[in-house]
Protein chains: 2
Amino acid sequence: MPAQPGPADAALKLDQFLPYRLNVCANSVSTALSAIYSARHRIGVPEWRILVTLGEFGLMTAKAIGIHSQMHKTKVSRAVAMLERRKLVARRVNCDDLREAFLSLTPAGRDIYNDLAPGALEFARQLMETMEPAERAALDRALSKLTERSAKIAADIAKGGNPG
Amino acid sequence: MPAQPGPADAALKLDQFLPYRLNVCANSVSTALSAIYSARHRIGVPEWRILVTLGEFGLMTAKAIGIHSQMHKTKVSRAVAMLERRKLVARRVNCDDLREAFLSLTPAGRDIYNDLAPGALEFARQLMETMEPAERAALDRALSKLTERSAKIAADIAKGGNPG
DNA sequence: GACAGTTGGTTGCAAGAGAAACTAATTTCC
DNA sequence: GGAAATTAGTTTCTCTTGCAACCAACTGTC
């Protein structure tokens, strides 16, 4: 058993390493999806997430959008600013708290949302149909568990520096 | 059934949308992992991937590293340059083809690899143990299928603009 | 009611990323 | 043997992103 250089002692294979595989898969899926919507409208991932979030909830503050769509507040801020410039989202300051504003889709924004949502759902459906129902369920559970577990591990590292 | 704004007609829910969930999961896992290795050595994801690839294969060109680790050639170029500056990888020009060079870990690079690999494997193990064996297998198959399918969809879009 | 601390949101800045242009070496084809 | 096309790798330019600092408004607490 070589303790020195060489392929022999490598138990770590990148293409079987779960974090890497997750990244590659997520990236591939994300690229394909954004090929769908960025072709129809000049829109990036952050803008897409905001449209979808507002499409679902109707009226939200930037902060709430950030929480729901897991985006940094600066990303939300800039994406909203861009959508506002294009008159796709409207801003109405909350008079009970002048710091924040309620955001919503304009009719034009709603049109784009209605134009894109079916394609996105169809895309998701096409992905789903590559899997057995049981596989789908397993994937769903796995993604939740992995997200949760890795967040906890990261938090532990940030806190103590060592696992717990 | 409202055809207008409002939450009611939203069949598209971001937090159940597969591409989004994949992204969030991959990101969470990736962040946790890089918390592990970037704490011990000042290293980013591209550098990490190169270390692991060279750790596994021993001797490779930049091009081959890029293919194996799914990284753009500019990313590989810069990460390799950085690792070279730190004397963690060595470059030996191929005298049969002066355009390319064979890269490999220096002893110092091998040390870092040996230092990081166990932690990375342990991390992957901790993720794995959140899942049943059957779930793990399902996840594995699912990731492969999703990656493949989405790549195909994206290629179809790039080609014809329409699915096939 | 004023001062300290917090919170929603924006902005300045520096690092990271890809596209395209570029260099140098190699292959192809006549 | 030499021009045209390819290929490995680097560099330049530009856009994105995240962190930190910041501003303005709000919430205590005294």
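Just so it is clear: chains get the letters A, B, ... in the order the sequence lines come, proteins before strands, and each one is counted from 1.
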Problem - Shortest side-chain distance from B:T74, nucleotide among C:dG9, D:dT11, D:dA8 - result: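 Within the option list, the nearest is D:dT11.
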When you measure from the side chain of B:T61, which nucleotide among D:dG9, C:dG9, D:dC26 comes out closest?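 Shortest atom-to-atom distance from the side chain points to D:dG9.
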Rounded distance (Å) that lies between atom [atom2] of [N] and atom [atom1] of [X]:
{"X": "B:I67", "N": "D:dA8", "atom1": "CD1", "atom2": "C1'", "answer": "11 Å"}
{"X": "A:E84", "N": "C:dT10", "atom1": "CD", "atom2": "P", "answer": "8 Å"}
{"X": "A:M71", "N": "C:dT10", "atom1": "CE", "atom2": "P", "answer": "13 Å"}
{"X": "A:H72", "N": "C:dT11", "atom1": "NE2", "atom2": "P", "answer": "14 Å"}
{"X": "B:R99", "N": "D:dA5", "atom1": "CZ", "atom2": "C1'", "answer": "12 Å"}
{"X": "B:L103", "N": "D:dG9", "atom1": "CG", "atom2": "P", "answer": "7 Å"}
{"X": "B:N94", "N": "C:dT27", "atom1": "CG", "atom2": "P", "answer": "10 Å"}
{"X": "A:K73", "N": "C:dG9", "atom1": "NZ", "atom2": "P", "answer": "9 Å"}

- Same cluster (ILVMFWY, side-chain, under 4.5 Å), B:I65 and B:V93: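 No, because B:I65 and B:V93 fall into different hydrophobic clusters, even though each may have its own neighbours under 4.5 Å.
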Original post:
Is there a chain of hydrophobic side chains (I, L, V, M, F, W, Y, each step under 4.5 Å between heavy atoms) that links A:I67 to A:F102?
Top reply: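 As far as the 4.5 Å side-chain criterion goes, A:F102 and A:I67 are not connected within one cluster.
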B:E100 vs B:D97 side-chain heavy atoms within contact, under 4.5 Å: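 A side-chain contact under 4.5 Å exists here.
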_Under 4.0 Å between a side-chain nitrogen and a carboxylate oxygen: does that hold for A:R91 and A:E84?_
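Yes.
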State whether the distance check finds a donor on one side and an acceptor on the other, under 3.5 Å, for side chain B:R78 versus base C:dG18.
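Checked by distance alone, the answer is yes.
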| said: Please classify the nucleic acid contact of A:A101 as base, sugar-phosphate, or nothing, using heavy-atom distances under 4.0 Å. | reply: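 Result for A:A101 = sugar-phosphate.
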Would you please confirm or rule out a distance under 4.0 Å between OP1 or OP2 of D:dG18 and any side-chain N or O of A:K75?
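Checking D:dG18 against A:K75, a side-chain N or O does come within under 4.0 Å of OP1 or OP2.
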- Task: Compare side-chain N and O positions of B:S77 against OP1 and OP2 of D:dG9 and report whether any pair is under 4.0 Å apart.
- Result: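 No, because none of the side-chain N or O atoms of B:S77 sits under 4.0 Å from OP1 or OP2 of D:dG9.
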Quiz item: Is it true that atom CD of B:E148 has more than 12 heavy atoms of other residues, nucleotides or ligands lying nearer than 6.0 Å?
Solution: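 At most 12 heavy atoms, drawn from other residues, nucleotides or ligands, come within 6.0 Å of this atom.
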